[in-house]
Peer 1: 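I'd like to ask you about the structure that follows.
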Protein chains: 2
Amino acid sequence: MPKLGMEPIRRAALVKATIAEIGRTGSLEVTVSQIAKRAGMSSALAHHYFGSKEQIFLAAMRHVLTVYGAEVRGALLMAEGPRARLAAVIRAGFGPANFRPEVIAAWLNFYVLARTSADAGRLLAVYQGRLRSNLLHDLRPLIGARAPDAADRIAGLIDGLYLHKGLCLRPDGGQDATRLVLHALDLELAA
Amino acid sequence: MPKLGMEPIRRAALVKATIAEIGRTGSLEVTVSQIAKRAGMSSALAHHYFGSKEQIFLAAMRHVLTVYGAEVRGALLMAEGPRARLAAVIRAGFGPANFRPEVIAAWLNFYVLARTSADAGRLLAVYQGRLRSNLLHDLRPLIGARAPDAADRIAGLIDGLYLHKGLCLRPDGGQDATRLVLHALDLELAA
DNA sequence: ATTTTTATTGATTGACTGGTCAATAAAAAA
DNA sequence: TTTTTTATTGACCAGTCAATCAATAAAAAT
């Protein structure tokens with residue numbers, strides 16, 4: 001019954017299942033069999049398409065980063081002026097797509113994976129660099145030389161609140177975090 | 001050659017070895033054998049004293065939290081006035097004891113463990129509650145009703161920068177983070 | 001019609017791991 | 001001196017898991 005052109009479908013299903021399984025267990029202690037089962041195929045097929053478990057994880061991480069990146073770009077398009085752009089970046093970080101429990105779990109575990117796997121580390125560095133660069137770009141016209149430190153603080157606050165809200169799975173989550181960071185931005189700009 | 005009274009010595013050695021091994025591998029994927037070997041004993045003895053791998057991890061987590069708590073209390077003793085006490089809490093969080101690479105790795109992985117193990121979750125909640133309570137206590141006399149939000153931000157910033165500095169293992173680490181958070185505190189107080 | 005390519009899985013393997021246990025030895029208690 | 005308690009380990013067990021592979025089947029190419 002082999003239909004042709006299954007590869008992209010299978011890969012997407014595996015990526016989705018990987019994130020779901022990480023969310024379910026809350027850790028990277030997920031077996032390829034569990035992932036494959038949720039994706040509706042045998043573990044052998046998962047290995048056939050991805051080669052190894054680490055490659056499956058990396059593909060899932062890339063997917064999360066891609067979604068996040070697209071969300072930021074989309075939000076930036078509709079923002080005029082540095083201040084609005086900064087708010088857009090902040091809002092995107094805590095947007096509903098990134099704040100689903102399973103995506104939070106994935107992020108948290110990718111942080112850990114980044115310490116082990118060089119590929120994961122590079123991927124995470126891309127995210128961190130892009131976030132900081134986005135913030136810096138729009139902070140500079142507003143506060144000039146104080147921008148670099150402010151960018152570090154805002155970025156750190158985003159990551160820290162994401163971690164915090166992600167751990168004590170409150171339902172409000174993203175909204176409260178967004179409010180707190182936007183206020184922090186006001187403080188930076190008013191100084 | 002069994003010398004009596006080995007239990008506390010062995011337990012301490014295992015806790016120390018656990019943190020070291022987590023630091024070495026950068027993850028919780030550490031075998032009891034590896035820990036026991038580093039602590040200079042057989043894995044059977046590690047099981048004899050701790051019963052299970054999870055109990056070993058929890059003991060290590062308790063140790064990290066105890067050291068951190070002692071450091072905060074010590075710093076608070078020498079601080080006069082709310083402002084100085086806040087600075088002391090911030091400095092303690094990024095103190096050299098908490099900023100050794102292996103301790104950072106332990107913290108990061110305990111965050112993950114907290115999502116799986118109820119005991120670990122409780123332990124982490126204790127830390128988070130204590131940090132927030134410390135901040136709140138000394139922020140209130142300075143900024144009154146704005147204190148709760150400010151405490152959330154400072155706490156989030158501490159966690160976020162700890163995460164960030166912990167990942168891109170820069171040597172300066174703690175000092176830069178301390179400076180950034182102290183500046184954030186100034187912004188909160190000046191608002 | 002035959003060959004090749006793609007899709008798919010059950011069975012298997014080889015390595016690893018947490019945990020148990022019997023056995024050993026020395027100190028302490030009786 | 002005998003017994004009990006504490007310390008300690010090598011061997012072992014039962015289970016898990018990533019990865020491989022041979023086998024099967026259908027579509028595509030020849």
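Note that these values count all heavy atoms, side chains included, but never hydrogens, waters or copies made by symmetry. In what follows, chains are A, B, ... by sequence order, proteins preceding strands, each numbered from 1. Since we're looking at a predicted model, the values are computed, not measured.
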Peer 1: If you draw a 6.0 Å radius around CD in Glu7(B), do more than 12 non-hydrogen atoms from other residues or ligands fall strictly inside?
Peer 2: yes
Peer 1: Just to verify, what does Ala79(A) make a side-chain contact (heavy atoms from CB on, under 4.5 Å) with, not counting sequence neighbours?
Peer 2: Ala84(A), Arg85(A), Ala88(A)
Peer 1: Starting at CD of Glu7(B) and ending at P of dT6(D), how long is that distance when rounded to a whole Å?
Peer 2: 10 Å
Peer 1: Base, sugar-phosphate, or nothing: which does Tyr49(B) touch, judged by heavy atoms less than 4.0 Å apart?
Peer 2: sugar-phosphate
Peer 1: So how far is it from Ile90(B) CD1 to Leu131(B) CG, rounded to the nearest 0.5 Å?
Peer 2: 9.5 Å
Peer 1: Tell me which nucleotide among dT8(D), dT6(C), dT9(C) gets nearest to the side chain of Leu4(A).
Peer 2: dT6(C)
Peer 1: Kindly state which residues belonging to residues 13-22 of chain A come within less than 4.0 angstrom of DNA chain D, counting heavy atoms of the residue only, listed by number.
Peer 2: none
Peer 1: Rounded to the Å, how far apart are Ile9(A) CD1 and dA7(C) C1'?
Peer 2: 12 Å
Peer 1: Is the Phe99(A)-Trp107(A) ring centre distance short of 6.0 angstrom?
Peer 2: no
Peer 1: Side chains of Tyr127(A) and Asp159(A): do they bring a donor and an acceptor to under 3.5 Å?
Peer 2: yes
Peer 1: Figure out the NZ/P separation between Lys37(B) and dC16(C), and round it to whole Å.
Peer 2: 13 Å
Peer 1: How does protein reach along nucleotides 17-22 of chain D, written 5' to 3' as B (base within reach of a heavy atom under 4.0 Å), S (only sugar-phosphate), or - (no contact)?
Peer 2: SSBBB-
Peer 1: Let me know which of Val32(B), Ile35(B), Ile56(B) forms a side-chain contact (heavy atoms from CB on, under 4.5 Å) with Phe50(B).
Peer 2: Ile56(B)
Peer 1: If you compare all heavy atoms of Thr116(B) against all heavy atoms of Thr25(A), which two are closest, and at what distance to 0.1 Å?
Peer 2: OG1-O, 4.1 Å
Peer 1: I'd like to know if Asp186(B) pairs up with Arg83(B) as an ion pair, taking the criterion as any Lys NZ or Arg NE/NH1/NH2 lying under 4.0 Å from an Asp or Glu carboxylate oxygen.
Peer 2: yes
Peer 1: Whole-Å distance between dC16(C) P and Glu29(A) CD?
Peer 2: 18 Å
Peer 1: Within this structure, what is the NE2-to-C1' distance between His48(B) and dT6(D), rounded to whole angstrom?
Peer 2: 7 Å
Peer 1: Hey, is the side chain of Arg10(B) poking within less than 4.0 Å of OP1 or OP2 on dT6(D), counting only N and O atoms?
Peer 2: no
Peer 1: Expressed as a whole number of angstroms, how long is the span from Ile35(B):CD1 to dG18(C):P?
Peer 2: 8 Å
Peer 1: Does Gln175(A), at its CD atom, have more than 12 non-hydrogen atoms belonging to other residues, nucleotides or ligands within less than 6.0 Å?
Peer 2: no
Peer 1: May I have the distance from Leu45(B) (atom CG) to dG19(C) (atom P), rounded to whole angstrom?
Peer 2: 15 Å
